[in-house]
Amino acid sequence: FAESTGYDLTVVESVAISPKDCKVFVGACCEPVSGITFYEGKKKGDWLQLMGHLPAISPDGELLALVAYEELLISSVATPEKTSTTIALPKANEATMYKTAWINGDQVAISGFTPKGAYVWIATVSEGTLRPGELITDAVNWESEDLWRVGLVGADENENLVTRRDGAEGKDILDFRYA
């Protein structure tokens, strides 16, 4: 339980570490609904908060991406409290986001679930745009169990998206997708 969030249950859901300077960002859910990301302040042991969760760091370690309810927020790792780009995501009643990953220095992939299935969206930071979602699978939606078996895994060294979907007999399938 976190005193700083009104004694609500706070659960670590993801961690992102900058390859440039090893700054740590810890994404938590569930209150407030937009999520919280904790990061270390200037004083040792002093943890500050950002609104939004599912932190992801750009490959060069310069930029931070956070999902804040219905927006993707981009800021500098050096000054994460100052948002430089805001990109609209699907409305909360249409999709629930579960994972983010930088593909390259300008694109962020976000995976999530809708009533129709698991999808991945691509945000282009320099343009402030979000492409329509691409279906990963319609066998799993936001009401399914084992959501962790489906979605975005990350990006490979060739900037391909790596996604996972559930396969036969409990064996998951990895797909490599050109972004």
Is it true that Arg165 and Asp175 make a salt bridge, defined as a side-chain N closer than 4.0 Å to a carboxylate O?
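Here Arg165 pairs with Asp175 in a salt bridge, since their nearest N and O are under 4.0 Å apart.
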Decide, yes or no, whether a salt bridge links Lys23 with Glu40 under the criterion of side-chain N to carboxylate O below 4.0 Å.
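Salt bridge: no.
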[Y] side chain reached by [X] side chain, heavy atoms, under 4.5 Å:
{"X": "Leu50", "Y": "Ile36", "result": "no"}
{"X": "Phe25", "Y": "Leu64", "result": "yes"}
{"X": "Leu152", "Y": "Leu161", "result": "yes"}
{"X": "Pro90", "Y": "Leu130", "result": "yes"}
{"X": "Val150", "Y": "Ile136", "result": "yes"}

Under the rule for salt bridge (Lys or Arg N to Asp or Glu O under 4.0 Å), what residues qualify as partners of Arg164, not counting sequence neighbours?
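Arg164: no salt bridge (Lys or Arg N to Asp or Glu O under 4.0 Å) contacts found.
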Report whether Val77 and Val15 are members of the same hydrophobic cluster (ILVMFWY, side-chain heavy atoms less than 4.5 Å apart, transitive linking).
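Hydrophobic grouping puts Val77 apart from Val15.
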Do any pairs count as a ring-ring contact (aromatic ring centres under 6.0 Å, His included) and have a residue in residues 72-111, sequence neighbours left out, and if so which ones?
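Qualifying pairs: Tyr98-Phe113.
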Given Val153, which partner from the list Val162, Asp172, Thr163 fulfils the side-chain contact (heavy atoms from CB on, under 4.5 Å) test?
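That would be Val162.
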Checking Ser111 side chain against Gly151 main chain: does a donor-acceptor pair fall under 3.5 Å?
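The answer is no, because no donor-acceptor pair under 3.5 Å joins these two groups.
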With sequence neighbours left out, which residue pairs that include part of residues 73-92 fulfil the salt bridge (charged side-chain N to carboxylate O under 4.0 Å, His left out) condition?
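Listed by first then second residue: Glu70-Lys91.
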Which other residues end up in the same hydrophobic cluster as Tyr178, if Ile, Leu, Val, Met, Phe, Trp and Tyr are linked when side-chain heavy atoms come under 4.5 Å apart?
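Members alongside Tyr178: none; it stands by itself.
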Got a sec, which pairs hit side-chain hydrogen bond (donor to acceptor under 3.5 Å, both in side chains) with one end in residues 116-134, sequence neighbours left out?
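Non-adjacent pairs meeting side-chain hydrogen bond (donor to acceptor under 3.5 Å, both in side chains): Asp106-Ser126, Glu127-Thr129.
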Report the residues that fulfil side-chain contact (heavy atoms from CB on, under 4.5 Å) with Ser14, sequence neighbours left out, ordered by chain and then residue number.
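Residues passing side-chain contact (heavy atoms from CB on, under 4.5 Å) with Ser14: Leu54, Pro55.
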